[in-house]
Every structure is written in structure tokens, then in C-alpha cells.
Amino acid sequence: MTKKKAAVINVALIAALLIALYIMEQILPPTAMVFTVLKKGAIYALVAVSMNLLNGFTGLFSLGQAGFMLLGAYTYGILTIPVEQREFVYQYFDGGIVKFTVPVVVALIAAGAVAAVFAYLIGLPVLRLKSDYLAIATLGFAEIIRAVFQWDKLGPLTNGSNLLRSYPTFQSVLYPFIVSGICIAIIVMLINSTYGRAFKAIRDDEVAAEAMGINLAHHKRMAFIISSFFAGVSGALLAMYQTTIQASMFKSAMTYEILLIVVIGGIGSVTGSCISSFLFIIFSEWILRFLDNDTYIGSFHVPLLRSGFRKVVFSVIIMVIVLFFRKGIMGTREFSVQGICNFFTGKSRKKKAVKGGDSND
Amino acid sequence: MTENVLKVENVTMQFGGVLAVDNMNIEVNKGEIISLIGPNGAGKTTAFNVITGVYAPTNGAVYFNGKKIIENHPQGKMKKLYQGENNGKYSSVLAPTPDKITKLGIARTFQNIRLFKSQTAFENILIAKHLRRTSNLFTATFHLNGKEEAQMREEAEELLRILGLEDVRDELATSLPYGKQRRLEIARALATKPELLLLDEPAAGMNPQETDELTAFIARIRDEFGLTIFMIEHHMDLVMEISDRIYVLDFGKPIAAGTPDEIQNNPRVIEAYLGGSVDE
């Protein structure tokens, strides 16, 4: 199968997926659970891929994702709340200090840009750290930024600890799919470029990468900024999905969820992250919901099932995965049409699957 | 006299109380194969690490093609060790990172092989081509640099072919036999288009036959790529056969320099290092 043919099939699959989603929307009621899963899954797929770019492809173990999502969400909200609504939203702060709105697309890009600018500034000190220390520093950043955004003195901008709302949101499930899809496609193209190869070199061996002329500081910063940019965009999408923004949403638990997705999908696999983000959302939002509810069978109160038990189950799952399935679903392989064809025709699957095509999201 | 490609001037490297390299002077001329030998722990790899910018030297300077690339002349206690042109006056510290040194045209291999282990042989070479890119992040991401990318790939293929690695092109670097891993490391270094190639024990762990092959191989790449080669090596057969000149280090101090014949007959070298093996 030629490269061109594979590309045509990929495009056809993406088109078929979008059409299927469109048809589903026409048939099913908009409140159906499947739409929640698809919308949230698409958003989480983007942030998981952005985290994978950093943790999986560049080897920088960062846990600041929730912080960058928060920045993106707030930027989006602040820039898009209609002027006439601001009085009501910022009711304790005289309508806030921002007195204009920008189009949704501009706000989405601005959301990424603000996250990227913060990433640059945070990166100056923290990217000198390695492995666990970097993780702790970025986690600390995410927590600090969450606290700062709830600070009363910043109220005219962030509305303090009150909700941001009334900004434009999306109804159609196609929206997050298309935006996430474009962003993920850009990340995949980056990974397949010469810069992506340099990132992988840094992951494999920093000393050798530097000896081969790769400027470590420059490339690490680049990966950190790009990853944060897309985390910011996904934060904005999440804000659109949730219809309200509150800083307390972006807890470190959110970062752990994303990390869980990345690990389940396979550290170093874009398609793995996409697949596992949908799986994760299906389980956490849908199938395993019952774990959080008090359940009675007849008059028998089922033990353990109560609010918060779901988290316990997830913790156990991540432990099992880390201990026994360290490679996740995909390992570092990519899911591709070519890979599947080779699998069925029995051609040297190992090599081709590693090389893989673009993601199918 | 031919031009110095590399000149190491009064380089001293001190780690706490340990003088790893003590006032070392080396000159490497264009097209030469120079060896650096010495017993274990003599400071050979440290010397390489200073030249390639991994460590900033405690004192001294390194010149590449007549241009000063590394320099540190401290004041105080270490000052008296320096007898170069700036003796006595403090000058600015020049401590480029290894990637900048590589960019200037000095490539190296490692004593313990350091290939990119999750990548194939081909990708390993391709990664080294990143250095000479002209594309920026934007053009590379959106694949607007097709011409350059194609050229990079072609050059990488050619290197594989010249170095006899085309049959393992798509194998993971770590799954290659040991000799080929060494060869791939050299190929990867060559991909950065160096003028000066630093080989850190290229024959480590090789049997006599493989060492013979490597000897011919090193001479061949020198001629084919117009390189100057500076290497650390323990296999005396290899060193004596292909070196134009040899430097001997012992406890960080250079104790002798000269042609293979001179070195073999130098009593200090025999005492310090070669022992009985010179009689072979």
C-alpha cells in the first residue's frame, strides 16, 4: 500500500467519523450520555496528547497541565463574555476591567498563547530541573496559579472565586472533535518533523543529543511551550463544554487523570492517548458511575459503594497498569490503517507498525 | 607547517582536590590521526569532555582552526598554572555548551555507546542531521521544508551505505551487534559534518579481527571525509598502526608526545603504561 493511498484512506475515515457523528446528533436526543462522553473525550484527548508530547516524546515529566488548562479556560472566558453580560457576571467587581470581546477563534488562540507565555516564564527556572524535581515544580506552579486566580484582588480580571459564565459555548459534538482534531494533527506533524526527532533524541539520551548538536535548553523550552499552548486550547474547550469556569475545577486531580490517560494509552503514542482518553471518559463518566452511588439490593446496603469510591478504583487501576502493563495499550506504536492492513496480511508487522502513519483522530 | 585544527593550551581540569587533567598541551594538524593514550583514570576522557564543552576547564584554552572556542583563566590559586598568551591577566570565560562545539565542526563518539535506543539506525543518523537544518519550527511542522528533509534523508542513506550499515537500516539501534553499534555511533557523528572527529575508545570490547577492520575503517573515513581524527584508544596494535602522533597521559599529566616509534622507545612511557607489551 502506498503512502498516498494510506493518506486517502485516513482522510476518508476522518470524514466518515464526522458524518457518523453528525447523523448521531440528528437521531439521538442531545442529552444522551454518548455525547457527554464524546465531547469530553475529544477535549481530554487533546490535553493528553499535549502532555504526551512533553512526557512521552521529550522525556520531561511535567505535571503542570491543569494549570495551563486553567490559564486557557480563563483567557477564553475573560475575552469572550459579551459586554452586556459582564455587569451580571462580574457583579461584585463593577463589571470587571475587560470591556471588549473578541471572536471565539481569536479567543481560542489567545487561550493557547497565554498558556504558552506562562510556560516560557515558568520554563526559565524549572526546565533546569530533571525528572521528579521538574514534576514537583510544575505541580507546584499549577497549584499556585489556581490559588492566585481565586484571589480577591484579581477579581476585576478573574472574578475572584466566583464563576465565569455566559460566554459562547458549543452545542454540537462536532465542534470539539474538529478543534481537537486540528490541534492533534499539528502535534503529530511536529512529532514527525525534524524537531520531533530531536525531542525523541533528548528523551532517549540527553548527553548524546547534546553532543549531536541539539541545543537542550532551547528544545526543551520549545516542547514545554508547545505542549502548554495546546493544554491552554483544551482548557478553553473544556470551559466551553462546562459552560462555567471556576478555578477550583482545575485541581491537581485533573492532571492525574490526564497522566492516567497518557499512561494507559502508552507513553509515546499519540493514538494511544486518543483511544485511552475516550476509554477513560467512558468508564469514569458512564460505566463506573455506580461506584460513587450508595446502592441497595433489596434492603442490603452494598458495602464500599459511596461517593469517592471511583477514585479508589482508579488508583488501583493505575497501580496495576504501572506494575504489569507499563507499556499501556499502544506502547510507543501508533495506530494506523497501514498497521492494520499489515496485521491482516501478515506482513512484517513489527517494523511497519512502529513507523506508522498519522493518527486517525 | 600545516595549520592546527585543534590546539589545547595549558588545559587544567580540577574536580575538588583531584587534578584530572594537569596543564595539558595538544596540537592536532589537519588530516592527522592523533591518539591519546594512558592508563585507566589518566584523564583521557576528561580531556575529551573539556574539548567538547561538557566540562568548563579550570584553566586553559582550546582553539579550533585558530579560533579560541573555550577559555578560562581564573584568578587566585590556579593562576600560576597558566602560561599562555594571557598569562597574568584575567580574561573572560568562554564556556560553550556541547551542542555549540558540535556545530563548529567537532563531533565525538562515546566510550560507553550512547545511541538513541528507541530509534532505528536510520533515525539515529537522521537526528544528527537536525543540527544543520535551515528550517524553523513552523516550516518543519507544516512540512514546508520538503526539499531539505529529502536531502537530509538522502545524506543519511548515503552514510548508511558508505559505512556498510544499509542492511540494518530499520533495526532498532540497541538490537544491533556490538561492532555495528560502534560503527553507527561513528556514522552518527559523521552526520553532523565534522572537520574533527573525536573517538573515545572506538575499539573497546572488540576482538582482534574486529579491531583490524576498525583500523582500516578509521583510515578510510579519514580519507573519504577529509577528516582529522583525535582518538583515545587502548588497543596498542591499532594505535601504533594508524597514528601519526601519540600523546601519553599519566595521572592527568602529559608525559610524552611523538611518533609511534618514539613513544614505543620512551622509557617514561614504558614505565608508566606500556609495561612489557612494547616487546611484543
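Atom CG of Asn136(B) sits about 6.0 Å away from atom OH of Tyr195(A), to the nearest 0.5 Å. Note that NZ of Lys200(A) is 11.5 Å distant from CG of Asn124(B), once rounded to the nearest 0.5 Å.
For a residue to count as touching a neighbouring chain, one of its non-hydrogen atoms must lie under 4.5 Å from one of that chain's; by this rule Lys103(B) does not touch chain A. Residue Ser135(B) touches chain A through both its backbone and its side chain, counting heavy-atom pairs closer than 4.5 Å. At a 4.5 Å heavy-atom cutoff, the contact between Glu149(B) and chain A is made by side-chain atoms alone. For a residue to count as touching a neighbouring chain, one of its non-hydrogen atoms must lie under 4.5 Å from one of that chain's; by this rule Ala107(B) does not touch chain A. Proximity to chain A is limited to the side chain of Arg133(B), based on heavy atoms less than 4.5 angstrom apart. With a threshold of 4.5 angstrom between heavy atoms, Lys129(B) does not approach chain A through any atom at all. Neither the backbone nor the side chain of Ile101(B) comes within contact range of chain A, judged by heavy atoms closer than 4.5 Å. Contact of Arg188(B) with chain A is made through backbone and side chain together, with heavy-atom distances under 4.5 Å. There is no contact between Thr52(B) and chain A, counting heavy-atom distances below 4.5 Å.
Annotation for Thr141(B) and Ile186(A): closest pair CG2-O, 3.8 Å, computed over non-hydrogen atoms. In plain terms, the two heavy atoms of Ser193(A) and Ala140(B) that are nearest each other are CB-O, 3.3 Å.
Taking non-hydrogen atoms and a 4.5 Å limit, the residue list of residues 201-215 of chain A in contact with chain B, ordered by number, reads Ala201(A), Arg203(A), Asp204(A), Asp205(A), Val207(A), Ala208(A), Ala209(A), Glu210(A), Ala211(A), Met212(A), Gly213(A), Ile214(A), Asn215(A). Contacts between residues 46-56 of chain A and chain B, counted as heavy-atom pairs separated by less than 4.5 Å, involve no residue at all.
No more than 12 heavy atoms of other residues, nucleotides or ligands shown are found within 6.0 angstrom of CZ on Phe325(A). Crowding of Arg128(A) atom CZ: a count of heavy atoms from other residues, nucleotides or ligands under 6.0 Å not exceeding 12. Annotation: Tyr133(A), atom OH; neighbour count of heavy atoms from other residues, nucleotides and ligands within 6.0 Å does not exceed 12. Other residues, nucleotides and ligands contribute at most 12 non-hydrogen atoms within 6.0 Å of the OH atom of Tyr120(A).
Comparing Thr192(B), Val54(B), Leu126(B) by how many heavy-atom pairs each has under 4.5 Å with chain A, the most go to Leu126(B). Between chain A and the residues Leu137(B), Leu131(B), Thr97(B), the largest count of heavy-atom pairs under 4.5 Å involves Leu137(B).
The backbone N or O of Ala198(A) lies less than 3.5 Å from no partner atom in the side chain of His130(B), so there is not a single donor-acceptor pair.
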Candidate pair Phe116(B) and Arg197(A), rule side chain to side chain contact (heavy atoms under 4.5 Å, CB included), full reasoning: CA-CA 10 Å; Phe116(B) 303 122; Arg197(A) 290 195 293 267; over 6 Å; no
